[in-house]
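Proteins get letters first, then strands, A, B, ... in listed order; numbering begins at 1 in each.
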Amino acid sequence: MNSLLDRLNSAQREAVLHMDGPLLMLAGPGSGKTRVITHRIAHMIQQGVPAWSILGLTFTNKAADEMKHRLKTLVGDSHLWMGTFHSFCARLLRRYSRLVGLPENFTIYDADDAEMALKAAVKLAEVELTHITIGQLAQQISRLKNRLVTPEMLLGNAVSHDEHLIARVYPIYQQYLLRSAAVDFDDLLMHSAIMLRTSPDLRAELDRGYKYILVDEYQDTNSAQYAIIKSMSIDYPNLAVTGDPDQSIYGWRGANLNNILNFEKDFPKTKVIRLEENYRSTPEILSAADVLIQNNQRRKAKNLQATRPSGSKVRLRTYGSGRDEANDIVQQIMTACQQNGSALRDFAVLYRTNAQSRLMEVALRKAGLGYLMIGGFQFYQRKEIKDLLSYLHLLHNPSDDVAFQRVINTPPRGLGKQTLLNLEELARKHGVSLLEGAELAIDRLKLTAKAKKSLVEFLKLMDLMREESKGRLVDLLQTLITKIDYRNYLQKVRREEVDADVMENIDELLADAAELDNQELDGNPLEVFLEQAALYSETDRFDSEADRVNLMTLHAAKGLEFPYVFIIAVEQDILPHRRCREDPLQMEEERRLLFVGMTRAKEELQLSCAKSRSFRGNQNISAASMFLMELPRAEMHISDLTEQWDAYADSWDNDDTAFGDFFDRHFGSDDEVSPQRASANSKKKTATDDDLGFDQHFDQGSADVETWEDPNTSKRNTRLPTGNDRVAELLAANKLKTANDLGEDSAVAQQIPAEAFRVNAIVSHPTYGSGKITSASGKGLRRTVTVEFFGDGLSRSFVLKFAKLTLESAD
DNA sequence: GATGTTCCATTTTTT
DNA sequence: ATGGAACATC
């Protein structure tokens, strides 16, 4: 049994040996936390603690599975409950649903379903969503729920317009969910917490039952989760939590850092153990991450100790474009695989937002390398899967109005908007679900023959499925697919392209069902199937046997490790995300996010940014992230691979419209221009010919790595004039005359961009009067514009250098 | 009511 | 770029 304690350092051993009383493990990245947890449980079991009295709560199913797996190798099969908060709560609610007014066959709505329900609620509440989107509203309500704020608590407390709106919609949303016998993700926690609060007997029973509770990633728990754990740790405060405040990255989801910061106060006589030795990363990687995180104000200092031998320097790379970035990384991966026999699965590419995966995917596919993308559009969110599952949901829970809505006319069976509206009204009048409403409708609603027939058929289908649901899940699904001729419908909806994928997804769903059919289950298979789908996340099955490059967001990477890590698009407005700019707290969370990403790496780490990146279809100039300026750059390997930049710039030169847009975006808007942007632009322009000297304003410093400045500080100090500013100024001063004035030796010329003469600008000509520029091309004085004159409606072309054109208005 | 077309916002991160 | 919603047409 002492083998359990072998190969543990003293702090780890102390944690493993701790049994009774609260325990706080402050575990830095790579400090062997999972190992400590599993060994500790194994130790407890060996000491005679019954496994079923231990409750392990994790953040992802993946983490739970991993621990279960490791535990199995230590003590064999054991019957402890280890899972996510959400699945634990789901289980709790299934058993005690009546305590919160739900039937036990309630449905768990995913974000999509919840949004549909919210939309319905907004409609019922008869409010107008003017300046807030449905998504924002959903998030606000989610935050309230995470803080255990019920609709009643909101009454009379609303001050702002938003608060009034929420106070109005939130209760109706909750009602809607209740009537649909459904809960959203947040409800799982909130209902559980409330249930524990209002049922002292149940609380005491669970407290007694789960004598030992263990919470992983405690820094990411929110108030609802706190309430749940706390209430089960009163009589038996054997609560052990592990976490790292520096890895708190779910503040936006209501995670409350105070949970971990105040743990010692909360639970008297807490034993605190710090795990600061890092067994994962090279000293280079660890030190870079450590230097970065020290820029956070709101943290507890900690002393990360590297234990591994020195490795290669952390790389910091600048690319010309996101495409170059992706290609180079793929190149590096291939080289590494060839030269030192690395496997593809040793590599991870991490990014801030899911959208950033695309370029990597393209590059990997082009190179013929397999990849595994975690997150993004998830399997269970695909239309074809959701459609089919909605039928099952409706079958399992006939009150599920969201499922009904999704399913009733998919595939189209002639039940249109108006019919559905009538049906809805009928159901509401009778206080019944939509499905029941449908039954009523057949007699009570005047329907077209077709609609009536469809409704009858639909109800017959549901009956048939009800019959079938006693058998195997696969058969049920198969019957459904055949009856509604679903594959044919899909083929029609998505013409030609990618229908192979779609069909594969359906097959995969069938396979999932078949797999479940073969398992021994302690519950209703249909229910288990649906719940799995609802609480499943892609992160959970990331380590498939296949050898592939891993692609995922920084959030999804939490808790994982890889020999080689690339963090891409470390750029201003992406890695500190745009939405976090003003909020220092959110800014710190962004920094922690990068910290988490960096500390995933074992051997090698590369951070990169690109100077231009396409966003929503067009190329934008990017500035390096302020976080890169905070890194110990002297100790890193820095390289600037922007030689492709000029090639990109040239492609713009050939396309004047594109350049016009570019100009607008960077000089014509009121946005402040960072030095990076400005010099990037000047670099581009000086590469061409006869400029107007406009650049001189900007041509200070190159964008080379050595001159990287903190974009935040420099932005504030140097508000650069924009093209429009200057034109407006000169127009006002009546100094802007004709294009001739833009001649080389004209004083004004130094300041007027010929590009000011662009499409839609109003100009006037001594002979033809005024007109509008309808097209423009060329640079500088050779610029040619076509003007459509208001007088005779005719178009004429001019070369700026020679024509006497006067700019009347810039746009 | 179904199908086709255009326009529009949209994207932070996830159980 | 892309998919959804609003609008138009069959």
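- Lys119(A) meets the salt bridge (charged side-chain N to carboxylate O under 4.0 Å, His left out) test with no other residue; sequence neighbours excluded.
- Each of Arg579(A) and Ala534(A) was assigned the nucleotide of DNA chain B with the nearest heavy atom; the assignment lying further toward the 5' end belongs to Arg579(A).
- Contact annotation for Glu589(A): no contact, since no heavy-atom pair falls under 4.0 Å across all strands.
- Under the side-chain hydrogen bond (donor to acceptor under 3.5 Å, both in side chains) criterion, Glu325(A) pairs with Ser608(A), Arg613(A), sequence neighbours left out.
- As judged by a 4.0 angstrom heavy-atom cut-off over every strand, Thr133(A) is placed among residues touching the sugar-phosphate backbone only.
- A salt bridge does not link Asp220(A) to Arg253(A): none of the charged nitrogens lies less than 4.0 Å from a carboxylate oxygen.
- Contacts of Arg406(A) classified as salt bridge (charged side-chain N to carboxylate O under 4.0 Å, His left out), with partners at least two apart in sequence or in another chain: Asp387(A).
- For His396(A), there are no ring pair (Phe, Tyr, Trp, His ring centres under 6.0 Å) partners, not counting sequence neighbours.
- No contact: Gln356(A) has no heavy atom under 4.0 Å from any strand.
- Comparing the C1' positions of dG4(C) and dT13(B) gives a spacing of 23 Å, expressed to the nearest Å.
- Residue Phe85(A) is classed as having no contact, given no heavy-atom separation below 4.0 Å to the nucleic acid.
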Under 3.5 Å donor-acceptor pairs involving side-chain atoms of residues 416-424 of chain A, not counting sequence neighbours:
residue	atom	partner	partner atom	Å
Gln418(A)	NE2	Asn422(A)	OD1	3.4
Asn422(A)	ND2	Gln418(A)	O	3.4

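- Residue Asn409(A) is in sugar-phosphate contact alone, with no base atom involved, counting any heavy-atom pair closer than 4.0 Å across all strands shown.
- Mapping His577(A) and Lys417(A) onto DNA chain B via the closest heavy atom, the residue that lands nearer the 5' end is Lys417(A).
- Between Thr553(A) and dT14(B) there is a side-chain polar atom (N or O) within less than 4.0 angstrom of OP1 or OP2.
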Any N/O pairs under 3.5 Å between the protein and nucleotides 1-3 of chain C? List them or say none.
none

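- Applying the side-chain hydrogen bond (donor to acceptor under 3.5 Å, both in side chains) criterion to Ser248(A), with sequence neighbours excluded, gives no partner residue.
- Using a 4.0 Å heavy-atom criterion, one finds that Leu415(A) contacts the sugar-phosphate atoms exclusively.
- The distance between atom CZ of Arg578(A) and atom C1' of dT10(B), rounded to the nearest whole Å, is 13 Å.
- Remark: C1' of dA5(C) and CD of Glu115(A) are 13 Å apart, rounded to the nearest angstrom.
- At least one donor-acceptor pair closer than 3.5 Å links the side chain of Asn295(A) to the backbone N or O of Leu292(A).
- Among residues two or more places apart in sequence or in another chain, the side-chain hydrogen bond (donor to acceptor under 3.5 Å, both in side chains) test is passed with Glu588(A) by none.
- Distance, Ile108(A) CD1 to dT14(B) C1': 15 Å, rounded to whole Å.
- The CD-P distance, from Gln139(A) to dT11(B), rounds to 11 Å in whole Å.
- Against DNA chain B, the stretch residues 181-191 of chain A makes heavy-atom approaches under 4.0 Å through Phe185(A).
- For the pair Arg592(A) CZ and dT13(B) C1', the computed distance is 13 Å after rounding to whole Å.
- dT15(B) atom P lies 7 Å from atom CZ of Arg253(A), rounded to whole Å.
- In this structure, the CH2 atom of Trp252(A) is 8 Å from the P atom of dT13(B), given to the nearest Å.
- Scanning residues 118-125 of chain A for heavy-atom distances under 4.0 Å to DNA chain B yields an empty list.
- Contact annotation for Thr419(A): backbone-only contact, meaning every heavy-atom pair under 4.0 Å involves sugar-phosphate atoms and none involves a base.
- At a threshold of 4.0 Å, the pair Lys386(A)-Asp113(A) counts as salt-bridged, since one of the basic side-chain nitrogens sits closer than that to a carboxylate oxygen.
- Distance from the side chain of Ala355(A) is smallest to dT11(B) among dG1(B), dT11(B), dT15(B).
- Taking the side-chain hydrogen bond (donor to acceptor under 3.5 Å, both in side chains) definition, one finds that Thr448(A) meets it with nothing, sequence neighbours left out.
- Comparing atom distances between the Asn354(A) side chain and each of dT13(B), dT11(B), dT15(B) picks out dT13(B) as nearest.
- A salt bridge links Lys33(A) with Glu217(A); the closest basic N to acidic carboxylate O contact falls under 4.0 Å.
- Checking dT13(B), dT15(B), dG1(B) against every side-chain atom of Thr353(A), the shortest atom distance belongs to dT13(B).
- Asp244(A) pairs by the salt bridge (charged side-chain N to carboxylate O under 4.0 Å, His left out) definition with Lys302(A), not counting sequence neighbours.
- Comparing dT15(B), dT14(B), dA2(B) against the side chain of Tyr250(A) picks out dT14(B) as the nearest.
- By the criterion of a centre-to-centre distance under 5.5 Å and near-parallel planes under 30°, the ring of Phe59(A) forms no stack with the base of dT15(B).
- In this structure, Met373(A) atom CE and dT13(B) atom P are separated by 12 Å, rounded to whole Å.
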